[in-house]
Amino acid sequence: MINNENKKIILKRLIIEFILFALLLLSDLLSKDIVMNRLGLSSNTQYKLIDGVFAIYPCFNDGASFSSFSGKTGFLIALTAIITAALIALAIFNLIRKPKSSLLFRWALILIIAGGLGNLYDRLFCGGTVRDFIQYVFLDDLFEKFFHSSFGIGNIADIYLVLGVFLMCGYIIFDYKEGDLGIIKPKSNNKDGENSTNDDMQDKEPSYNESDLSEKGESISKEADEPKKQMEEGSSGSSKDGV
C-alpha cells in the first residue's frame, strides 16, 4: 500500500514531469513545423546560421541516425514504438514503487521518451520520414577529416535523445543504488544478514522440556562423580598395598 506521504510525492512528480515532457515534445514538433512549413525554406538547401558552426538544412530522413536503416520504415516504427512504450512503463512503475528515486534518472527518462515520441510522430504522419534541419558544420569538418563523411543533419528530438543518454550514463556511474528502479529487491546489509543468521541459529537450537533437563542434569552429575570415585578407589588401593 502507498502511504499518504508517498501519494503526495507521486502526484507532485507526475504533474511536474508531465508538464516537462509536454513542453519538450511540443518544442520539437513546433520547431519542425516552423522550419519546414512557415519560413519558406527550400529542402536540401543550406542556410547559414552561425558561420562555421551551425546551419539550417531542411531535409527528410527515412532512416535512423547517420542514415542507418534507410528505407526500413516499418522496422524503425516498430522498434521505436516498442522501446518508447517500455520506457514509459518503466517510468510509471518506478514512480509508483520508488517515489523518491533519483531525479537524474527521471529526467533522463523524460528526455529519451520525448525525443523518441517526437521522431515516432514524424514517421507515422510524415510519410515514414523524420524532419531534420540542424546541421552541425563544425562536426562535419571533423568527420570529413577523420571518417571522410559528414556528421549528419538532426533535429530537436535528437538533441533530447543524446542528452537523455548522457544523463542516464551519469546516473548509472555516479548516482545508481541497488533497488532504485523498484524492480529488483536490494540485498540486505551485513547487520540484517547477521541478525537473520542469529535468528536462524536460535530457531535451530533444540528445545527441551523439564523432564529432559532433569534427566540430563542427573547424567551429567553422575559423569562428574565417576572420576572422584576412581580417585578414591585408587587411593584406598594404594594404602592397602602400603600396609
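No hydrogens, no waters, no symmetry mates; every other heavy atom, side chains included, goes into these values. Predicted model only: the values in this text are computed from it and were never measured.
Summarising the geometry of Ile113 relative to Ala91, their closest heavy-atom pair is CD1-CB, 4.4 Å, with the distance given to 0.1 Å. Contact between Gly164 and Ala108 at its shortest, heavy atoms only, is O-CB, 3.5 Å. Heavy atoms only, all atoms of each residue included: Arg131 and Asn37 are closest at NH1-ND2, 4.5 Å. Between Gly154 and Asp158, the shortest heavy-atom distance links the atoms CA-OD2, 3.3 Å. Nearest approach of Leu41 to Pro58, heavy atoms of both residues: CB-CG, 4.0 Å. Nearest heavy atom pair, residue Leu95 against residue Arg106, reads N-NH1, 3.6 Å.
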Practice item. Applying side-chain contact (heavy atoms from CB on, under 4.5 Å), run through Tyr121 and Leu29 and close with a yes or a no. Key: CA-CA 9 Å; Tyr121 176 91; Leu29 297 179; 3.6 Å; yes
Exercise for review: Determine, step by step, whether Glu5 and Lys100 satisfy the side-chain contact (heavy atoms from CB on, under 4.5 Å) criterion, reporting the C-alpha distance in whole Å, the side-chain angles of both residues, the deciding distance to 0.1 Å, and the verdict.
Suggested key: CA-CA 11 Å; Glu5 181 183 356; Lys100 299 179 182 179; 3.4 Å; yes
Point to revise | CA sep, side-chain torsions, deciding dist, call: Val53, Val137, side-chain contact (heavy atoms from CB on, under 4.5 Å) | key: CA-CA 5 Å; Val53 183; Val137 180; 5.8 Å; no
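Note that CG of Asp175 is 11.0 Å distant from CZ of Phe105, once rounded to the nearest 0.5 Å. Rounding to the nearest 0.5 angstrom, the gap separating the CG atom in Leu25 from the OH atom in Tyr160 is 9.0 Å. Within the model, atoms NZ of Lys32 and CG of Asp28 stand 3.5 Å from one another, a figure rounded to the nearest 0.5 Å. Phe18 CZ to Leu23 CG: the interatomic distance, rounded to the nearest 0.5 Å, is 10.0 Å. Taken from OH in Tyr171 to OG in Ser101, the straight-line distance is 7.0 Å, to the nearest 0.5 Å. The distance from atom CG of Leu167 to atom CG of Leu103, rounded to the nearest 0.5 Å, is 11.5 Å.
At most 12 non-hydrogen atoms from other residues, nucleotides or ligands lie less than 6.0 angstrom from CZ of Phe166.
Looking at Thr129 and Asp62, their side chains never bring a donor and an acceptor atom within 3.5 Å of each other. There is no side-chain donor-acceptor pair under 3.5 Å between Asp122 and Asn61.
No chain of hydrophobic side-chain contacts below 4.5 Å, direct or via other Ile, Leu, Val, Met, Phe, Trp or Tyr residues, connects Ile34 to Tyr57. By the criterion of side-chain heavy atoms lying less than 4.5 angstrom apart, applied directly or through intervening Ile, Leu, Val, Met, Phe, Trp or Tyr residues, Leu124 is not grouped with Val130; the two fall into different hydrophobic clusters. Hydrophobic clustering of Ile, Leu, Val, Met, Phe, Trp and Tyr side chains at less than 4.5 Å, counting indirect connections, keeps Ile16 apart from Leu26. In the hydrophobic cluster analysis, where Ile, Leu, Val, Met, Phe, Trp and Tyr join through side-chain heavy atoms closer than 4.5 angstrom, Leu24 is grouped apart from Ile19. Both Met168 and Leu104 are part of a single hydrophobic cluster, where members link through side-chain heavy atoms under 4.5 Å apart.
For the side chain to side chain contact (heavy atoms under 4.5 Å, CB included) criterion with Leu161, the lone passing option out of Asn119, Asn155, Ile156 is Asn119.
A distance below 6.0 Å separates the ring centres of Tyr136 and Phe54.
Ring geometry for Phe147 versus Phe143: interplanar angle of 30 to 60°, hence tilted.
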